[in-house]
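Before any comments, here is the structure.
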Amino acid sequence: MTADATALARTLTAIDGRGYGVYKQLKGSYDLGVCRLVVDHVQVDPYAPPSLMRMVVDPASADLPEDLLSDHRGRVATTDFLARAVARAAAELGEGISTGAPGQEVLERTSVALTSDVVEARLAVALPAAGRRIRGREAARLLTEDLPRLAQSALLHANLDAEALREHVTLHRDQEALRDQLAERGLVAFVGDGAILPRRAGDSDLPLADGAVPFASPSSLRVEFSLPSGRCVSGMGVPDGVTVIVGGGYHGKSTLLRALAKGVYPHQSGDGREWVITRNDAAAIRAEDGRAVTGVDISPFLTGLPSGADTRAFSTTNASGSTSQAASLIEAVDAGASALLIDEDTSATNMMFRDERMRALVPAEREPITPFVDRVRPLLTERGVSTVLVAGGSAAFLDVADHVIALDEYIPRDVTDQARALAEHRAPAPAADVFAAAHPRTPSAGSLRPPGKKKPASARGWGTIRLGHEHIDLSALSQLVDAAQTQAIAHALDRLAELLDAPGPGGAPLALEQATTALCERIDAEGLDVLSPHHGHPGHLARPRPLELHAAVNRCRGLRLERGPASSDVR
Ligand code: ADP
Ligand code: MG
């Protein structure tokens, strides 16, 4: 033990039994030999959020192979590998240390940092207490013995499984290289042969262990990819355009669509969805009644509401199933989604289609809703937005589909030709130009700031963000996969508020899309740490997609927009 570790142990032993507040003096930096321990924040009492600490290792002693760190993707995958190693080692030590452990997805995250200067694990440590008294001896063991051992086993290449690390990075690079090729190959997504799509349980993201039927692509949709490592994968390409998934109940339709939705993120080896790769701007859309909507042009789907409300700038504090789904769809498209993923199970039926007899009974001019079946093609031709849709219950979508995939006991068949033979050739909807213009919205300064005392926004689990007195409900966002993403979004709301408060170029306020783009560019340039208001230890954050960031802003009940030309001129 170096002098510093001895001194730290002595200090902790000396304060054994004293009031918990005395721990405060720990803030600082200690040389523990294998690592430097930096205590950034000490909790005020045993029940407060745990203390924030970093274990910092010199890159020369970590000795990570340079070729693994030569690109952004390599660094993301290596970070993820180390974060998992830290989490495993911490779990062996027992309770008390949280590490921001990754789930099945491999995401850019802050729980481990790799720079040219440091290899660093960021921890949250509950300092030991008996009631409100310090357990100094236990704390000394934890900080001066357990943590160095943890750094030793999880941050030094010599002690890691070098082969597994290399495979982890290679897989990640291959997955992202495949994703890069999707657009040029005219595909929304790829599902590899042999993939295991079903999960163990509704509340588990692990692969179904027993009786899972591996994915097998229909020959007409089979594509192959050659990847940078030399690996070649084959599977089903989901083409651009309108793809409808049909099949009997319980034949795996929703499971396939959910896998496509999660496929916007790379999955770790053993997940079963390693080769389910979806364009990263694909948006899962669902009905979400009760959500707030602020100034969204839902007129492609709704006009002439009985209330007389203007659907070109529609606002409500309590959307219906159909208005919520229409608003979420338009918001996603305006935020840059190039593909939509929609499941009948979570859709508002009246938003999706209307059958012939109902069209006859309720004349068009009495029906405010133009269903999605009539808009799915204009969305494609006018905006270039593809749709993958599960529709087992209605034949209406067969008329507008480019491809129809039938699931039969979890095995897909290409039934496009049969479906075409059955399709009723309805007169194509007139060229409507309904989706022609995006409507950038400019939030008014301060509208993302909670009134009164400015407590920063914070996540409550993965599905909720607290902003002032408001709870922003994100539980309908199925592509938000990690509470660390939610925490990152909470911080991002504060950073967005700063951007929106400051005048943009030319003195005009920034539109929401411009502000999110600016923030994402800043993350690209400076790293995810920039979201956090804290220097040193940023907390456990994982990178959200711009789509989820938009979605969170759009669900703020306090969101207000600038009126007048500013909101319609900016494009
Ligand atoms: P649908 O949407 O067609 O009604 P689901 O996707 O909800 O069907 O799947 C029904 C059940 O079948 C779920 O419990 C799911 O986990 C399981 N399942 C889905 N795909 C597979 C598969 N490939 N192998 C085994 N079970 C599967
Ligand atoms: Mg279903």
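When a ligand or atom number is given, it counts from 1 through the structure's own listing order. Everything numeric in this text was worked out from a predicted model, so none of it was measured.
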Query raised in the report: Looking at the Mg ion (ligand 2), is one of the N, O or S atoms of Asp345 less than 2.8 Å from it?
Result: yes
Report task. For ligand 1, find out whether one of its N or O atoms is nearer than 3.5 Å to an N or O atom of Val213. Result -> yes
Report summary line: protein heavy-atom neighbour closest to atom 7 (O) of ligand 1 works out as Ser254 CB, 4.0 Å
Requested in this report: Do me a favour and list the nearest non-hydrogen protein atom to atom 8 (O) of ligand 1 with residue, atom name and distance?
Outcome: Gly252 N, 3.1 Å
Query raised in the report: What are the atoms of ligand 1, with element, lying closer than 4.0 Å to any heavy atom of Ala212?
Result: 24 (N), 25 (C)
Query - Contacts of His168 that satisfy ring pair (Phe, Tyr, Trp, His ring centres under 6.0 Å) - sequence neighbours left out - result: Phe81
Query raised in the report: So which heavy atom in the protein is nearest atom 9 (O) of ligand 1, and how far is it from that ligand atom?
Result: Thr255 OG1, 3.5 Å
Report summary line: Looking at Ala195, Gly392, Pro198, the heavy atom closest to atom 16 (O) of ligand 1 belongs to Pro198
Can you give me every donor-acceptor pair (side chain of residues 207-217, partner residue at least two apart or in another chain, under 3.5 Å) with its distance?
residue : atom : partner : partner atom : Å
Ser217  : OG   : Asp193  : OD1          : 2.8
Ser217  : OG   : Asp193  : OD2          : 3.3
Ser217  : OG   : Arg222  : NE           : 2.8

Query raised in the report: Just by modelled atom types, is the Ala283 backbone N or O under 3.5 Å from a matching donor or acceptor in the Arg545 side chain?
Result: no
Query raised in the report: Which residue owns the protein heavy atom closest to atom 20 (N) of ligand 1, what's the atom, and how far is it?
Result: Tyr410 CD2, 3.3 Å
Query - atom 3 (O) of ligand 1 - nearest protein heavy atom and its distance - result: Lys253 NZ, 2.8 Å
**Report entry** Where ligand 1 meets Gly248 - atom numbers and elements under 4.0 angstrom, heavy-atom basis
**Finding:** 3 (O)
Requested in this report: If the plane angle is over 60° it's perpendicular, under 30° parallel, otherwise tilted; pick one for Phe397 and Phe353.
Outcome: perpendicular
Query raised in the report: Is the shortest distance from a heavy atom of Gly249 to ligand 1 less than 4.0 Å?
Result: yes
Query raised in the report: Is it true that Arg273 and Asp205 make a salt bridge, defined as a side-chain N closer than 4.0 Å to a carboxylate O?
Result: yes
Query raised in the report: Can you check whether Arg199 has an N/O within less than 3.5 Å of an N/O in ligand 1?
Result: no
Query - Pairing of Arg73 and Asp71 as salt bridge, 4.0 angstrom limit - result: no
Query raised in the report: Are there more than 12 heavy atoms of other residues, nucleotides or ligands under 6.0 Å from atom CD of Glu365?
Result: yes
Report summary line: For atom 14 (O) of ligand 1, the closest protein heavy atom turns out to be Tyr250 OH, 3.6 Å
Report task. Taking only Lys NZ, Arg NE, NH1 and NH2, and the carboxylate oxygens of Asp or Glu, determine whether Asp482 and Arg109 approach each other closer than 4.0 Å. Result -> yes
Query raised in the report: Is the Mg ion (ligand 2) less than 2.8 Å from an N/O/S atom of Thr255, whether that atom is in the backbone or a side chain?
Result: no
Query raised in the report: Are Asp334 and Arg383 ion-paired here, with the side-chain N under 4.0 Å from a carboxylate O?
Result: yes
